[in-house]
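Below is one structure, written out as structure tokens; comments come after it.
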2 protein chains.
Amino acid sequence: MATEIQLDSIDIRVLRALQENGRITYDELADKVSLSSSAALRRVKRLEEAGVIARYVALLKPESVGLGLTAYLNVRLEKFTATHKRNPMDSFRAAVQTWPEVVECSALTGEMDYLLCVVVADMAHYSRFVLDTLLSHPSVQDCKTSFVLDRVKRTTALPI
Amino acid sequence: MATEIQLDSIDIRVLRALQENGRITYDELADKVSLSSSAALRRVKRLEEAGVIARYVALLKPESVGLGLTAYLNVRLEKFTATHKRNPMDSFRAAVQTWPEVVECSALTGEMDYLLCVVVADMAHYSRFVLDTLLSHPSVQDCKTSFVLDRVKRTTALPI
DNA sequence: CTTGAAATTTTTTATGC
DNA sequence: GCATAAAAAATTTCAAG
């Protein structure tokens with residue numbers, strides 16, 4: 001799972017194909033990488049076991065499940081002082097995991113501490129999230145929002 | 001593919017399961033949503049045809065394919081003037097599609113025009129991307145980078 | 001130590017109820 | 001919606017390079 005493994009050019013082609021289509025059959029995959037289907041299977045299993053392939057997922061179209069608004073939020077946390085029972089960072093990170101609207105959260109270099117990507121139904125939902133959830137959290141000092149006007153590119157495929 | 005379809009509570013549970021595991025078998029899925037496997041299949045096919053399920057993909061662990069550095073870049077484009085042969089916006093959007101390092105690109109509200117998420121091997125690779133590719137593009141005026149220190153949360157699962 | 005062909009098991013898909 | 005059956009795919013086995 002955690003061990004670094006050596007990837008040859010066939011592995012890379014297998015991974016590219018699976019990033020493109022996670023449900024490709026071993027016959028099709030074998031064709032693409034010029035191997036037999038059993039050899040293709042063995043490659044895939046090895047990559048799964050080594051943790052190179054983390055998981056397989058279905059990707060949904062946000063609008064078709066009623067999620068029409070995406071926003072990026074730069075969040076700044078409170079400084080850690082003796083008055084706090086708990087480290088604001090730990091507290092915030094734990095909270096983020098429980099907020100379903102947050103689909104991405106990264107700690108960043110620069111002035112703002114965290115960048116969040118939030119997916120919601122509409123502006124009313126967004127407003128409720130920021131006021132009742134995010135800014136109500138004791139670790140959060142302030143945030144700045146940018147709304148997504150247009151998703152120009154979005155891929156889960158890593159550049160390999 | 002584009003038509004809005006009505007989703008009932010079983011559809012939602014099917015979608016949740018598939019966002020979790022895109023390779024779940026229809027038997028397992030049927031169990032989870034308390035349906036027969038053929039009924040589960042029909043639900044999934046309907047959701048695929050309606051475009052609710054966009055695709056199935058494998059997700060890779062970035063570090064295991066040698067991609068250790070992620071950055072968010074706020075990009076500002078040149079204003080459109082008569083000197084330009086082409087609208088900078090169109091030109092930039094087309095270019096972004098061809099840059100494999102860019103895994104996300106969104107047009108945003110606010111001062112900066114675009115937010116890019118860029119995945120690279122290391123700082124040398126990042127530097128080359130910014131200097132030789134991004135800033136060399138005629139449509140790009142300037143950019144500000146924030147590096148990802150830690151991915152606190154990252155999910156492809158939409159909050160349904 | 002990896003491959004590929006064939007055999008076997010499991011899953012997917014179509015059909016009738 | 002379900003159960004069954006046929007087709008397809010995944011997985012195992014095993015002989016060979």
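Residue numbering restarts at 1 for every chain, and letters A, B, ... go by the order of the sequence lines.
- In this structure, A:T25 reaches the sugar-phosphate backbone alone: every heavy-atom distance under 4.0 Å involves primed, P, OP1 or OP2 atoms, never a base.
- When the nearest nucleotides of DNA chain D are assigned to A:S38 and A:E28 by heavy-atom distance, the more 5′-ward of the two goes with A:E28.
- Here D:dA10 presents its P atom at 11 Å from CZ of A:R23, a figure rounded to the nearest Å.
- Between A:F147 and A:Y126, the distance from one ring center to the other falls under 6.0 angstrom.
- Whole-Å rounding puts the B:K45 NZ to C:dT13 P distance at 4 Å.
- Heavy-atom nearest nucleotides on DNA chain D were determined for A:R42 and for A:Y26, and the one closer to the 5' end corresponds to A:Y26.
- The interatomic distance linking B:R46 (CZ) with C:dA14 (C1') rounds to 19 Å, in whole Å.
- Rounded to an integer number of Å, the gap from CD1 of B:I24 to C1' of C:dT12 is 14 Å.
- Atom P of nucleotide D:dA8 and atom CG of A:D31 are separated by 16 Å, given to the nearest angstrom.
- Rounded to whole angstrom, the span from the CG atom of A:L41 across to the P atom of C:dA6 amounts to 18 Å.
- Between the A:D150 side chain and the B:A107 main chain, no donor and acceptor come within less than 3.5 Å of each other.
- Side-chain proximity of A:L35 to C:dT3, D:dC2, D:dA10: nearest is C:dT3.
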For side chain to side chain donor-acceptor pair (under 3.5 Å), just list the numbers for A:R93 and A:Y114, CA-CA rounded to whole Å, side-chain angles, deciding distance to a tenth of an Å, and then say yes or no.
CA-CA 10 Å; A:R93 284 166 180 245; A:Y114 290 90; 2.9 Å; yes
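- Here B:R43 lies in heavy-atom contact (under 4.0 Å) with sugar-phosphate atoms only.
- Looking at A:T70, A:L73, A:L69 one by one, the single match for side chain to side chain contact (heavy atoms under 4.5 Å, CB included) with A:V118 turns out to be A:L73.
- In this structure, B:D27 atom CG and C:dT9 atom P are separated by 17 Å, rounded to whole Å.
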